[in-house]
Each structure stands twice: as structure tokens, then as C-alpha cells.
**Student:** 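Sending over a structure as C-alpha cells; questions will come in a sec.
Fair warning: this is a prediction, and the values are worked out from it, not measured in the lab. Worth knowing before you read on, the calculation uses all heavy atoms, side chains too, and leaves out hydrogens, waters and symmetry mates.
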Amino acid sequence: MSPYTLQWGIIATGNISGQFARDLLVDPSSREVSDVTHQITAVGSRSVESAQRFIDGLKNPGEGDSWEWGSKNGKLDQVRAHGSYDGVYNDPNVDAIYVGTPHNLHYKNTKDALLAGKHVLCEKPFTIDIDELEDLVAIAREKNLFLMEAVWTRFHPIAYAVEEVLKSGKLGKPKRFAADFSMEYDLDSKPDSNQFVDPALGGGSLLDMGPYPSVWAMLLVHRNPHNQDQNPKVVSSYQSIYPRSGVDLSSRWIVKWEGLCHGQLVTDLTNSGLRENTAALQCEEGDLIIEYPPQKPETFHIMPRPDRYLASVKEKTTHHHPVHQGNHGMSYEADEVARCIRDGKIESDRMPLEESKVVQRWFDSVRKNGISSTKDMKGSAGQ
Ligand SMILES: NC(=O)C1=CN([C@@H]2O[C@H](COP(=O)(O)OP(=O)(O)OC[C@H]3O[C@@H](n4cnc5c(N)ncnc54)[C@H](OP(=O)(O)O)[C@@H]3O)[C@@H](O)[C@H]2O)C=CC1
Ligand SMILES: O=C1OC[C@@H](O)[C@H](O)[C@H]1O
């Protein structure tokens, strides 16, 4: 049977849109996929020149680039450049929209796309706050359209491998969790318009990096077979501030899963990450440790604990699960979108909207209890 082809419209021509588009053009068989494939039929930018430049770049890969496959196999044959995002939402050759704009625009862009009748994959963080997200979910459900937050890490080979370990039951009940996404980022050298510096773009560490400690909290604790609490809450939080613009330099928050355990989550722009310990789940029978970087880890360790008091390790095993060669790692989430739309589903079981809401509420709580300039920020709601 021939594969199902999903026709994509790409919104915005920045860094991550380019990465996503290139992954759409990689041969699916390079990641052992044969049931779905992708076509880019529209690109939208605030300027038509930028949209055309983006398309020209995709059509001219370098020698040996894995995404050369797409242009050679007709995946860009019908692509159109639009000098507005609306042009893409209204393009009849588009089934699904990828939103790759700054945080503050996710709500408006996703809403406009849904109202025009398109399915949407929206970059993380989904929205600025839970009200915006609730509104998008309501619109998608009312219009029977697919909607998902682009938490690419959930679809990486390592995420499935870790899930198998948890399902096997060999680690037992979770006792505590910690996850950290830190990187030393020189904010002082960046212009006021930088997306980490500018509060109006939803700047700071929490909204940009927070989805990654959160993805491991969700995969290791929230989706753990032992968890019964569907609405884990932030019980404590702290933010340090970048004086120049008031955004959060770092955020720390503690989440409690009632009846199970606590988790400590960190985002930090002032230090490099804890290399071998980006996420750790300690359970009654042993530990599961994930190595840096949290957005795209390749290695985890399992350490059974024969003696709980001494925390001694019986036999540490190391497991490597890299993304397939030639794929940056965003092709997997695109495949999920294609499969769901092919099957008439309006949300993904692996990245359900309820789980995006859980994390969005954490961010709201950390911001409201903090002192950053994005404390009371709303996104593009109402614009
Ligand atoms: N999944 C992942 O691994 C990653 C996800 N991201 C997420 O992707 C989103 C975009 O990030 P990134 O691609 O790095 O950002 P960029 O600044 O590189 O690109 C953003 C694009 O949005 C458009 N845009 C519209 N309005 C504005 C505005 N007021 N200021 C700046 N840009 C604007 C522009 O495209 P145009 O001019 O064509 O309209 C711009 O190129 C963010 O939400 C971020 O969190 C980022 C990095 C990695
Ligand atoms: O999504 C992301 O992943 C990688 C980070 O470096 C980046 O800031 C963030 O947006």
C-alpha cells in the first residue's frame, strides 16, 4: 500500500522552522517508516522574499545532505511562497500547519490556522498561559481538527525505550525525581529583541527551556504505571532575574504527584548542564538516569539498588538510543501528526492535550509566584 502523504504549510522562516522543514524532506525509510510521508506545499513569512529564500534553501541542499531526498522525490514540487501567514492558512493545498513563531504568537497563529480549518502542530511552549491553551483546545474540538504541541522529545527512540523499562516494573515505585535544563547563554551580548531577552516575546528560561525538564517529568513520573494523580501541582518555586529586562534567568519548581512522589525541575541560563544527570528517577528498586541534553538525549543508565540504605549499585547498565542518522529528530513528531490525521484522530495518545495543559499550568504557577517581567504576561490573546 502506498504511504499516506500529509501536505504541510510552514509558518515563519526562522531557525526551528528550517530544521523542521528539512526533517520533513528526509527519506522516511531512513527511520524505518513506510506508512506516511510528507510534502511541503506552502511557506508563510512576514515577507514573501523571506518565504521564497526559505524555499530556495530547501531546494538547494548541500552535497550529501540527507534532506536532498525530498526535492529529488517531488516533496517540494507544489510549494508556494506566501508573504503572510494568512495566505498559508487559506491555501487549499495545505492540510496541516507547523507554527514556528516566538512564544507570544503561538496562540494567535494556531487559532487563526484552526479557524481557517487546518490541523496544527505548534512549537513549545504551546501558549503563554492556560487560558490561551484551553481556548485553542476548545476550538480544535469544536471544529474536529487535530492539535498537538511539538514536544519532539516524546517521539524519540529513547523515550520509547525508557517507557519500556518503566512498564517492565523492575524499578518499582518512584520515590523522587529531578530534571535540569541549563546552558550558559551570554544574554549580555544579545540585542534587546533576542527571544530570551525580550519579555514581550515570552523571554527568559522558563517558557523556552521548561518544556524539557517537564517532558521527562511527564514521561518518567506522570505516565509511570504507578501514578494516579492526573493534575500534579507546583508546591514551591523560585526564579532569579536578569536585571536588564526582568525576565527569569533561572526557574526552579517542585511538583507533587499526590500519593506518589515529588519532582524538582530546573531551567537555568547561567550555567552549563549536569552532563550525566539531566533527568533522574529514583525508585524503590533502583534508579534511571538520563544524560544531557534533555531535548535530545541518546543515553540512559539503569542502576538497580540491592541495598537501599547504602544506595550501592549492583550492576549499572547503559543504553544508547540515538535518533536515526540523517534525521535531526523532528521527523518523528511529524510522522505522528500524519498518522493521527490519516486515522481521523484529533489528538495524539502520546502527546495528549491534557498533558500539555498540566505543564502549562506549572509554568503559570511558577510565573505567578515569581517576580519576573513575564509574571502577568498574556500572549497574543485578544489581539
Ligand atoms: N523544538 C525545538 O527543538 C525548538 C523549538 N523552538 C521554539 O520554536 C519557536 C521559534 O524559535 P526559533 O525558530 O528559534 O526563533 P527564530 O527567531 O529563529 O524564528 C522565529 C520566526 O518567527 C517569525 N516572527 C514573527 N513575528 C516575530 C517577531 N515579532 N519577532 C521575531 N520573529 C518573529 C519570523 O519569521 P518570518 O519573518 O518568516 O515571519 C522569525 O524568523 C519558539 O517557540 C521556540 O521555543 C526553538 C528552538 C528549538
Ligand atoms: O527548544 C529548544 O531546544 C534547544 C534549546 O537550545 C532552545 O533554546 C530551545 O528553544
**Student:** With distance as the sole test, does E132 use its side chain to make a donor-acceptor pair with the main-chain N or O of I128 at under 3.5 Å?
**Tutor:** yes
**Student:** Determine the minimum heavy-atom distance between D180 and S182, stating which atoms define it.
**Tutor:** OD1-OG, 2.6 Å
**Student:** Kindly check if the number of other-residue, nucleotide or ligand heavy atoms within 6.0 Å of CZ (R31) is above 12?
**Tutor:** yes
**Student:** Mark yes or no for whether D343, through its side chain, and K345, through its backbone, hold a donor-acceptor pair below 3.5 Å.
**Tutor:** no
**Student:** If you draw a 6.0 Å radius around CZ in R80, do more than 12 non-hydrogen atoms from other residues or ligands fall strictly inside?
**Tutor:** no
**Student:** Could you tell me whether a side-chain N or O of N194 sits under 3.5 Å from a main-chain N or O of P191, the two making a donor and an acceptor?
**Tutor:** no
**Student:** How close do P225 and K167 get, counting heavy atoms only, and between which atoms?
**Tutor:** CG-CA, 4.3 Å
**Student:** With salt bridge (charged side-chain N to carboxylate O under 4.0 Å, His left out) as the criterion, how do E134 and K357 come out once you've worked through the C-alpha distance, each side chain's angles and the decisive distance to 0.1 Å?
**Tutor:** CA-CA 8 Å; E134 301 267 22; K357 286 189 198 171; 3.2 Å; yes
**Student:** Using every non-hydrogen atom in the two residues, find where T13 and A51 come nearest and quote the distance to one decimal.
**Tutor:** CG2-CA, 4.0 Å
**Student:** Does atom CD of E163 have more than 12 heavy-atom neighbours from other groups under 6.0 Å away?
**Tutor:** yes
**Student:** Quick check on K173: does its NZ atom have over 12 non-hydrogen neighbours (other residues, nucleotides or ligands) under 6.0 Å away?
**Tutor:** no
**Student:** Taking C-beta and beyond as the side chain, do Q295 and F181 meet within less than 4.5 Å on heavy atoms?
**Tutor:** yes
**Student:** Using only atom types and a distance under 3.5 Å, with no angle test, would you say the side chain of S331 pairs donor to acceptor with the backbone of N327?
**Tutor:** no
**Student:** With a 3.5 Å distance limit and no angle check, can you tell me whether Q239 reaches the backbone of R252 through a side-chain donor-acceptor pair?
**Tutor:** no
**Student:** Are D35 and R342 close enough, and set up right, to give a salt bridge (charged side-chain N to carboxylate O under 4.0 Å, His left out), and what steps lead you there?
**Tutor:** CA-CA 10 Å; D35 61 329; R342 176 197 64 191; 3.1 Å; yes
**Student:** Between F20 and W8, is the ring centre distance below 6.0 Å?
**Tutor:** yes
**Student:** Is the Lys NZ or Arg CZ of R154 less than 6.0 Å from the centre of Y332's six-membered ring, within 45° of the axis?
**Tutor:** no
**Student:** Are D112 and K108 close enough for a salt bridge, meaning some N to O gap below 4.0 Å?
**Tutor:** yes
**Student:** Look at D376 together with K368 and state whether they make a salt bridge at an N to O cut-off of under 4.0 Å.
**Tutor:** no
**Student:** Should the ring pair W253 and F363 be called parallel, tilted or perpendicular, given that the plane angle runs from 0 to 90° and is split at 30 and 60?
**Tutor:** perpendicular
**Student:** Would you check if the side chain of E123 reaches a backbone N or O of G100 as a donor-acceptor pair within less than 3.5 Å?
**Tutor:** no
**Student:** Is there a donor-acceptor pair closer than 3.5 Å between any side-chain N or O of H222 and the backbone N or O of E355?
**Tutor:** no
**Student:** Please determine which of H320, E276, H319 meets the side chain to side chain donor-acceptor pair (under 3.5 Å) test together with T299.
**Tutor:** H320
**Student:** Looking only at non-hydrogen atoms, find the nearest pair between V48 and H82 and report the distance.
**Tutor:** CG2-C, 4.1 Å
**Student:** I'd like to know if D135 and K111 make a salt bridge, using a cut-off of under 4.0 Å between side-chain N and carboxylate O.
**Tutor:** yes
**Student:** In this structure, are over 12 heavy atoms from other groups packed under 6.0 Å from K72 atom NZ?
**Tutor:** no
**Student:** Any chance NZ of K233 has more than 12 other-residue heavy atoms, nucleotides or ligands included, within less than 6.0 Å?
**Tutor:** no
**Student:** Do W152 and H328 have ring centres separated by under 6.0 Å?
**Tutor:** yes
**Student:** Taking R367 first and then D248, would you say they form a salt bridge - that is, a charged N and a carboxylate O separated by under 4.0 Å?
**Tutor:** no
**Student:** Is NZ or CZ of K296 both nearer than 6.0 Å to the six-membered ring centre of Y212 and within 45° of the ring axis?
**Tutor:** no
**Student:** What are the two closest heavy atoms between M377 and D129, and how far apart are they?
**Tutor:** O-OD2, 4.5 Å
**Student:** For Y4, what residues pass the side chain to side chain donor-acceptor pair (under 3.5 Å) criterion, not counting sequence neighbours?
**Tutor:** none
**Student:** Salt bridge between R350 and E333, side-chain N to carboxylate O under 4.0 Å?
**Tutor:** no
**Student:** Write down the atom of A217, the atom of L265, and the distance for their closest heavy-atom approach.
**Tutor:** CB-CD2, 4.0 Å
